[in-house]
Each structure stands twice: as C-alpha cells, then as structure tokens.
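Single-structure report; data block below.
Every value quoted in this text rests on a predicted model; they were computed, and no experiment measured them. Throughout, protein chains are lettered first and strands after them, A, B, ... in sequence-line order, and every chain is numbered starting at 1.
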Amino acid sequence: MLFNSIEFVIFFIAILSTIVIIKNRKFTHLFLLAASIFFFYYSSNILTILLVSSILLDFYIGRYIWRARTKVQKKILLSISLAGNLGILGFFKYADFAITQFNILGNYYSIGSDISLLGLALPIGISFYTFQTISYTVDIYRGQLEPSKSLREFALFVAFFPQLIAGPILRAKQFLPQLREKIENFSQMTADLNFNRLRQTKPRKILLQSPNLKFGITLMALGLFKKMFFADHIAPFVDSVFNSPVGLESFKIMLGAIAFGIQIYADFSGYTDIAIGIAIILGFKIPINFNKPYFATSPSDFWKRWHISLSSWLRDYLYIPLGGNRKSPSKTYLNLFTVMFLGGLWHGASWNFVIWGLLHGAYLAFHKIISDKFPFLKNHGFFKTRIGFLISIIITQYFVFLAWIPFRAQSLDDILYSMQKYIIFDFELSNALDYIMIHKFALSFVLLFIILHFISYKKGNLVQTISNFKSPYWILFLTSIMLLIFFFYPGEQINFIYFQF
Amino acid sequence: MRSNLKISLCVLVAFSISFSVLLLFLITNPLVSDDGVFIFFHPSDREHAKFYSQDFISDEKKIFIYGSSMVWPLNPGLIEENLKKNELDYKIYNLGIGGSKPENTEKFLDMIISAQPDIVAYGISDRDFITDEWVLGEENENFFRLEKPPQVLPEPSRIFGELFASAKVVLNFDTDFLRAPQANVIHVLRGPLKADLMEVVPEKEIEKGKEVETYLEDLPPVIENKNVLAINNIITKLRENNIDVIIFVPPVHKFHIEHLSDNQQKYFSDVLKTVSDDSKIHIYSFYDYYRDLNIWYDFIHVTTNTDHPYFSDDFADILIKEISS
C-alpha cells in the first residue's frame, strides 16, 4: 500500500476514526498492531510470515539473553538471533546475486557452473525491520536495554506501519518507552520498593492531539509534495539520461546525475516526512532521517545528514564493534571501507550499490587521511568564511553526485561511460541550450527544488512555522499543495525508490 | 476534540477547493480529441503524446524505432556510436511499446509524421499477426519470474480493486476524465518505455516459458489481417511524407520457432511476402539470427545488457547500409 494512493488515504482515515472511538488503552495498541500487520499484508501477502517470525524470534531471544547468566550463553543466543535475521535477509535478498556471481566465476574458470536462479520474491521492508530487530537484541546483549515484557508492544515496535516499509530504522530504546506512561498517583513509597517496573507504568493512551494533528498533516502534505510534485516529475528526465547514457555528452550526464540526486532525495525524504507525520499524528516521535544533506561540507558531514537512521545504525552496530577509529589509521580506513561496502550492499544485491558504497568509503577514508595529516585545515579561517563554506559544499557535493551515477545507471558499461564523462568534462556544449529547452519542465523542477531546499536550510523549521499558521492561511497552504499535486499527477502511482530495498 | 474537528474541517475545505478547481479546469478544457476520443487512455499512449508534443531540435536528424517490447534491446546510445563511426549523425529514439502491434502504432501516425523523423524503423514479428488481441496482465508479466510472492492468501488490493470496479460499473461512472491535466509536462524519451534491464537468463529457465502464449490456428486470409493492412498503411503514409521506412523482424529464441506449427510459420512467411510485395520494401530479418547465442532474456527478447550488443550493432549496420544507399 503506497502512501501516495487512495487506498492509503481510506486506510489512514479508518485508523484515526477507530482510535478516536476506542477507549481501552490495550485494545488501541492491539488495533494499531493489527492495522500495521494488515498494512504489510496488503503489499506482501504470505510474506507477512517472515515479519511475524522475526518478531517472535527476537522477542523471545531478547528475553533469554537478558536472563542468561554467563557471557557464553548470551553470545550463543545473540548468534542465533543474528543468524536467524541475517539468514532470512541473506536468503531472500542475496541468494540469486550470489548464484549469479558463482556461475560467472565458474564459467570464467571453465568449471561450467550453471546453477538455476531461485527467482525469489524480495520481501518488502525486510532490510529495515531486520535491522530494527537486530539492534534490539544487540542492545539487550550489551546491557543497554531491558527487554520488552509485552509481545504486543515489541511487535508494534517492529511492525509500526508508518516506518515499516522504508524506515526510518527505529531503535527500541527510542520507541518502546513511548508505548507506556507513568501511573500518576503511583505512590512513591511503592516505587522506592522497586517493584516490577511494569507495574509503575501502564499502556499509553493514544490520543489525537490538535498540535500534533496539525503538525503531522503539514509534514505529510510536504512529504507528498516532495514525492509527487518533484520526484515523480524529475524521474522521466533521469530515465531518459540513464536508460541509455552511452553517447551522451558530459553536460547531459552531469544534469542527469544532479537530477537523480534531487529525485532520490525528494522521493526518500518525502517518504520519511510522511512516515514521521503519521507517527506524530498518532502521538509517536520517530527520528529524523535527513538534515539538508546537500549542504554537507565534507563526506562525514554528508553521512550525518543523509539517511541518518541507517548511518547511525552502521556506526553503532558495525563501525564501532569493528574498532572504529580506536586502532591504527590503516585499520580505521579499512573499517570505513568495510562499513560503506556493507552499507552499499544493504541497499540491494547488485554491483551498482557496492560501487556506490565503496566510493563513499573512499571519500570518508580520504577525508580522514586529510584531516589526520593536516589537522590545521579543519579550523582554518578560510573554511569559516562564506566563500570557504561554499567551496566545501561544492566540492563535497561534486563527489556525492558522482557517486549517484553507479546507484542509478543500469550496467557496468553505462557506469564507466557516465563516470568518465562526469569527471572528464568534454566541453561539447553546442546543443546545450536546445537540450535544456527540451527538458525545461523537468529541469525547472530541479531548480525549484534547489531553491526551496535553500530556503528551508536558511529558515530552519519551516514545518513548525507553517503548522503555526492561522486557519485561513493553513487552508491556503494545503489547497496550493493539493492543487499542484492534482494538476501534475503523473497518471499512475509511482513506487517510492527505497521500497525496493 | 473541538480543535481536532476544526483541523479536519480545514483539510476538508482545502480538498474541496482544490478538487473543485481541478474539476472546473477539466470541464472547460476537456482532454478529448476532435473525434471525441480521449487522448490519454493508456499510460504508454500518454507518454507518447508527451513525446510528440515536444520541440525537437530543428536541424537534428532523427530515427524512430517502433515495434513491441522485442525492439527494446536496441540501444540508442550504441547505435548512435556505430553511426558516428561512419560519420552519420543521427539521434535514435526507441519508441517500442510492450505488446504493441501495427494497429496500435497506426493511431499515432499523424503524430509521428508531425515530428518529422528522417527514418522510421519498424520491427514486426509473427506475434503481431498470429496472436489474438491480448492485454498485459499481472499473470503474464510475472509468469517467467516469481517477482511476486505466491498468493496463498486472498489479495486485498484485488478485492478492493474489484469492489471499486463493480461500483463504477453499477454507477456508470467514468472516472477517466479525472486524470490530471499534466500534458504540459513534457517527457522526452530516448530509451524504451518502461523497459527494465533484461539480463541474460539460463536456457532451462527460458524453456519454462515457451508454452505460455497461445497462437491462433484459425487465421484470416493474410490480405485481410488487420495488422498487415495497418503496416502497409503506415509505410505508405510515411513515404508520402518523405519519411524513409525500414522494416525488420526482431530476433526470437529457437524455442519460440519450435513452438510454432508449420501452418503458423507459413502464415508469417506469407505476411512478410505480402508486405514486401505490396509496399515494395525489403524486409531485414533477425528472426533466427541469434538462435545459438546465449544472449536471451526469454524466448522473444534478447538481453538489453550492453555486454551483448549484437542486435544493436547489426541493426546499426542496416541503418548505415540504408542511409548510404
């Protein structure tokens, strides 16, 4: 079920209406869980079993890890959880990729390997909910989290529908406490006795509060606007460049790369805005995923602003356990490469994403080398001036957009050709103006998005400002957004890019 | 509660205003052609309408490629490169539509002529003439690969879809006119429409799909075949407007050829002969050209992967030969 579909509008209105009617707290939670499972079932049918299995596996293993007395027992249980989660993820997502590589290698060495592909369906959202459940058991193993005592609450944490398909990747310590509230008149004396902690709290009542409702609707409207107005109308231009880039001039490839960078940001951050908006309406806070990534001044700054929930997950559960930057410089660089390689592969079973990940690994490692070798550069006065700041942004974004080429192109030939044209500019500009005129609508969308992105960067919290509008102005805002969406509706629902991951 | 109601009312008011404006616009600017037919009734047709309405570069030489999905593997970039090596500067547009037959393309004929391509290359296959009308449905699309999970449980989207469809029939309510007026958003294509990368598939996988399509045994006389008439008409009209035409037969897998009866194979030969004689045109054939190569995605498509550019390269040779002559 896509957020940009009429089915979802009906589904969401039905949920809100039911929540208003239901008074029983536990039943509201159960209803929200059932709705989340239905939401998943609507897109995934029988593969809902995988989600349910993942919930059951990690709920019980989490409990056993907490109760285990020895480190060895804890380790064994954690290994079972990791093997279960990564096994499902690996089997469904990477089996065919592995078989293909094996066949290619087999044929290269004349073994005549011809293993049939499994042709498995890729379960929607599996990369996201698997990472959520892994972080839950790892946090318990590390002693940083107490396991959830309620299967209902844990299941809601994993399956919470706004973020189920494409994140943001939630952490249990952020979400689970939001499902409970303190019993106000609970006597301090009883609390001091440190009774079962569950007794001090009760399931939180899910209420629709007007500031949340208005803020959430504003965020959803902006998210839909990003997706349906910008991303969906920039997409055809990007397709026209990357469906067959071989033979195109440098400026076309560059325009294509920039347009794709804007498209994927509008698409993914649009989805995230809608997800966060829905959660806020329901009274939940889920973390932001983007913070003006195209204003990043270095590769490491970019990863603090782009897909934040994934990059922080990779940092906490991969980079730091590998040793982070606590060991030798060469080990640090290797760790950066490894993390970004796996981060790339997380996106999909394809060399495209591996190349994309490795490029970012190289950027991060190179930036680290420069920072380590020339520490004075970091605090150099020039980079504090406006022009220095601007140059940092331009250089960083040049490389970020270069890396979008392997992410979008369709074959290795296309990637190599396009990257070569992007890096070595051919100055073939004779038909540039004609080309821009032909694509003026798509390119206008790109330009308009950049301008709005700049305004929102300068103005800070634009969503809060808009949701504080008085009713007539707020209606005007919503009407304008709806009109633009209606008039530019592309005629079919277009999937969010990150749904495939 | 009161303020929640107020916010909901605001949303409702905004929706009502924007929807009314849209409706007003659609009533005053109907998206229908002179003969009363909706211009945009099929996604591919919509894309085509946008394509032809663009301002092409005035002195650009253009070659349009038409046909079904079987022409998708023709890569415009590779073909242009080959032409450039022979100092021929043409822009190639692959406009193949999955499942399209000459009858469908005939509908665009005026738009094609108005775009003034220098050459139109049309790929015709036996499927254009010996299969009945068919619609690409979910089952057909997913037959070869299990892209979707096995549907053991009832499919909710289908239940709702059927519910909406039957409500529309009962109410006799045609919602097509509510499609957004986004014809002013020009979408320029170079590669094939909606064609994903079609990788090489092992032969035994391809074999599984060979029985899928049913072909007509009870065929009309060739000269009465609607698609034969359509392709002849396309050739005639294009030539009348000084547009050169190349007709070619895209390649098929040996499984496909083996699957056809003698009668069907003879019928297709007769079709080619009729078109060639009636329109006095040479027909280039790639029919069984790559039958022994491992470059197939399924039994009617060679791969679109540019690691195997044979079809594009050979096609470019034909263009070079035709342009030179």
Got more than 12 heavy atoms from elsewhere within 6.0 Å of CG, A/Asn468? yes
What do you reckon, is NZ of B/Lys61 surrounded by more than 12 foreign heavy atoms closer than 6.0 Å? no
Tell me the closest heavy-atom pair linking A/Ser471 and B/Lys6, and the distance in Å. OG-CE, 3.4 Å
Return the [atom1] to [atom2] distance between [X] and [Y], rounded to the nearest 0.5 Å.
X: B/Ile7; Y: A/Leu208; atom1: CD1; atom2: CG; value: 10.0 Å
X: B/Asn4; Y: A/Gln209; atom1: CG; atom2: CD; value: 8.5 Å
X: A/Phe486; Y: B/Leu23; atom1: CZ; atom2: CG; value: 10.5 Å
X: A/Met482; Y: B/Ser16; atom1: CE; atom2: OG; value: 8.5 Å
X: B/Ser18; Y: A/Leu478; atom1: OG; atom2: CG; value: 9.0 Å
X: A/Leu213; Y: B/Leu5; atom1: CG; atom2: CG; value: 10.5 Å

Run the salt bridge (Lys or Arg N to Asp or Glu O under 4.0 Å) test against A/Lys421 and tell me which residues pass, sequence neighbours left out. A/Asp426
A/Leu483 side chain reached by B/Phe19 side chain, heavy atoms, under 4.5 Å: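 No, side chains not in contact.
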